[in-house]
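Below, chains carry the letters A, B, ... as their sequence lines are ordered, and counting in each starts from 1. Not measured: the values here are computed from a predicted model.
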There are 2 protein chains.
Amino acid sequence: MLGAERRKRLLHAVRAEGVAHVGMLAERLDVSPSTIRRDLSALQAQGLLNRTHGGAMAEAVQADEPDRPQRSGVASREKSKLASAAVEHIAPGATILVTGGTTTAAMVPLLEGIERLTVVTNSLHLAVDLARFEEISTVVLGGYLRHREMSLLGHLTRQALEELQVDEAFVGAYGITEAGISGAHVDEAETDRWLLSRVRRITALVDGSKFGRSGPVRIAPARQLYRVITDGSAPEDELDALRAAGVDVVQV
Amino acid sequence: MLGAERRKRLLHAVRAEGVAHVGMLAERLDVSPSTIRRDLSALQAQGLLNRTHGGAMAEAVQADEPDRPQRSGVASREKSKLASAAVEHIAPGATILVTGGTTTAAMVPLLEGIERLTVVTNSLHLAVDLARFEEISTVVLGGYLRHREMSLLGHLTRQALEELQVDEAFVGAYGITEAGISGAHVDEAETDRWLLSRVRRITALVDGSKFGRSGPVRIAPARQLYRVITDGSAPEDELDALRAAGVDVVQV
DNA sequence: TCACTGTTGCTCATTTTTGCTCATTGACGC
DNA sequence: GCGTCAATGAGCAAAAATGAGCAACAGTGA
């Protein structure tokens with residue numbers, strides 16, 4: 001069987017049944033578990049399914065369920081702490097770029113009160129959250145809507161940013177290593193990478209669990225990062241490597 | 001059972017019943033109480049439920065989301081009828097522009113099933129509603145967010161549309177007379193006017209109460225309109241005037 | 001034919017998950 | 001305030017899953 005055909009069947013199985021186990025898939029498609037794992041990783045990189053331990057699921061348990069957005073302020077304490085540290089450094093009158101993600105979303109309710117703030121985003125979720133704060137001037141970068149993440153991507157998104165002058169960007173990430181931050185979904189990360197290449201100061205918000213993990217697409221190299229905000233669970237050696245690369249590391 | 005699957009079920013059980021006990025969950029899912037506790041902790045860290053002693057409670061439902069009160073499908077019958085007539089004329093493979101408004105929003109759930117449809121909009125509400133339909137390719141025009149109407153305006157919005165080729169536009173209006181359609185808010189109407197000037201076919205959705213009323217800003221003159229969809233309560237003489245201007249008038 | 005590339009299955013060290021134990025904590029009744 | 005008991009979280013060991021590395025193999029083009 002062709003590899004592409006196998007991946008197609010595999011995706012179909014996951015979608016049809018909601019969940020699938022590596023062992024079961026290996027047996028059904030008559031290939032080794034290693035191959036199944038590689039296939040699942042590839043499909044995840046394309047954002048077509050969610051990898052989990054032991055298999056994969058069509059829909060993640062995570063907060064990005066389109067059904068129950070339950071956004072706006074209902075961030076976990078951990079994310080709120082990171083967000084709080086990030087917001088501290090924002091000056092009145094600043095123009096900031098905030099990309100999509102649950103960690104960066106936690107910043108929104110904390111932005112209230114910063115004077116003459118302009119927030120630029122390519123995330124629909126962020127934009128909707130921001131709409132509640134009349135004093136915050138909000139700019140949405142247009143683009144093709146990626147349904148699952150509610151983010152806007154592509155040529156239009158990039159073109160819109162060209163028109164703007166952004167002081168600082170705040171981003172989440174799928175993973176962070178001494179090489180830099182990386183994303184899980186190819187097209188989303190690609191747009192993120194482009195957006196960040198236009199911004200001088202980049203602050204990444206990553207909890208400790210993201211360290212040492214690397215997604216398929218690099219979003220920004222370490223030397224491009226201005227600041228990394230993380231929590232106490234981040235491994236010291238990784239933090240040292242970042243510091244050596246000139247990154248300002250903040251632990252909360 | 002997959003760990004992630006178990007957490008999903010667990011969350012579902014908590015949400016369905018409001019509260020859940022560790023012991024009960026352990027028995028039902030056939031795992032140890034320790035595992036249940038770990039799962040509950042993880043879900044709490046994601047802000048998806050509230051941990052209590054002995055079990056967990058569903059996350060308090062955010063009472064009044066100021067954002068989407070009666071959006072998404074809960075349109076009045078009148079508006080749905082207009083929307084339904086509008087959707088009838090959309091061909092497979094079309095690219096349509098839909099501006100913000102409660103009448104046009106009623107079109108969204110009816111768009112499902114039209115093949116290879118691309119919807120362009122400058123309304124955040126529309127975009128969020130459209131995100132539920134994976135088959136619909138959605139493009140959001142960027143711009144400055146107008147908080148009250150959740151619409152995107154200004155230079156970026158116009159620039160984004162320049163990049164696109166739209167077959168037909170569907171718009172609501174504050175008022176309609178033989179002179180054309182008009183809007184209530186200056187900056188919003190201005191952007192609408194610009195957007196519509198780039199589209200050949202314009203279909204306006206206006207219920208009978210809008211006739212004879214005129215807002216401060218003209219959005220499009222009658223001769224620019226391709227079709228007007230209205231209901232039985234529209235005054236005949238106004239409709240005749242529109243017909244005389246070459247507009248296709250549809251009454252539902 | 002031969003060098004090269006991409007895929008597959010296997011091995012193995014590492015990571016993650018899970019159930020258990022046990023000291024500590026919190027809830028509840030008196 | 002106090003005692004009782006269930007619930008909890010940390011620590012631990014076993015089992016399962018994982019990813020990196022490696023060799024074998026098939027297909028491609030010179």
Show which side-chain atoms of residues 242-252 of chain A pair as donor or acceptor with protein atoms under 3.5 Å away, not counting sequence neighbours.
residue: A:Arg243; atom: NH1; partner: A:Asp240; partner atom: OD1; Å: 2.8
residue: A:Asp248; atom: OD2; partner: A:Arg227; partner atom: NE; Å: 2.9
residue: A:Asp248; atom: OD2; partner: A:Arg227; partner atom: NH2; Å: 3.3
residue: A:Gln251; atom: NE2; partner: A:Asp231; partner atom: O; Å: 3.2

Inset, instruction - Could I get the full list of salt bridge (charged side-chain N to carboxylate O under 4.0 Å, His left out) partners for B:Asp167, not counting sequence neighbours? - result: none
Legend entry - Partners meeting salt bridge (charged side-chain N to carboxylate O under 4.0 Å, His left out) with A:Asp39 (sequence neighbours left out): A:Arg6, A:Arg7
Inset, instruction - Could I get the full list of side-chain contact (heavy atoms from CB on, under 4.5 Å) partners for A:Val199, not counting sequence neighbours? - result: A:Leu97, A:Val166, A:Ala169
Legend entry - Within 6.0 angstrom of A:Gln165 CD, more than 12 heavy atoms from elsewhere: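 For A:Gln165, atom CD is not crowded (no more than 12 foreign heavy atoms under 6.0 Å).
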Inset, instruction - Can you sort out the partners of A:Glu5 under side chain to side chain donor-acceptor pair (under 3.5 Å), two or more places apart, ordered by chain and number? - result: none
Legend entry - Any residue meeting side chain to side chain donor-acceptor pair (under 3.5 Å) with B:Thr157, in chain and number order, not counting sequence neighbours: none
Legend entry - Boundaries of the chain B footprint along DNA chain C (any atom under 4.0 Å from a heavy atom):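 Nucleotide range with atoms under 4.0 Å of chain B: C:dT18 to C:dA27.
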Legend entry - Inter- and intrachain pairs under salt bridge (charged side-chain N to carboxylate O under 4.0 Å, His left out), touching residues 113-125 of chain A, at least two apart: none
Let me check something: any side-chain donor-acceptor pairs from residues 10-22 of chain A under 3.5 Å, sequence neighbours excluded? List them with distances.
residue: A:Arg15; atom: NH2; partner: A:Leu48; partner atom: O; Å: 3.4
residue: A:Glu17; atom: OE2; partner: A:Arg28; partner atom: NH2; Å: 3.4

Inset, instruction - Using a 4.0 Å cut-off on protein heavy atoms (strictly under), produce a 5'-to-3' string for nucleotides 3-26 of chain D with B for base contact, S for backbone-only sugar-phosphate contact, and - for none. - result: ----SBS-------SBS-------
Legend entry - Bend angle of the helix from C:dT1-D:dA30 to C:dC30-D:dG1, from helix axes over five pairs at each end, nearest 10°: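 Roughly 50°, once rounded to the nearest ten degrees.
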Under 3.5 Å donor-acceptor pairs involving side-chain atoms of residues 174-189 of chain A, not counting sequence neighbours:
residue: A:Thr177; atom: OG1; partner: A:Ala179; partner atom: N; Å: 3.0
residue: A:Ser182; atom: OG; partner: A:Gly215; partner atom: N; Å: 2.8
residue: A:His185; atom: NE2; partner: A:Glu149; partner atom: OE2; Å: 3.3
residue: A:Asp187; atom: OD1; partner: A:Arg146; partner atom: NH1; Å: 3.1
residue: A:Asp187; atom: OD2; partner: A:Arg146; partner atom: NH1; Å: 3.1
residue: A:Glu188; atom: OE2; partner: A:Ser151; partner atom: OG; Å: 2.9

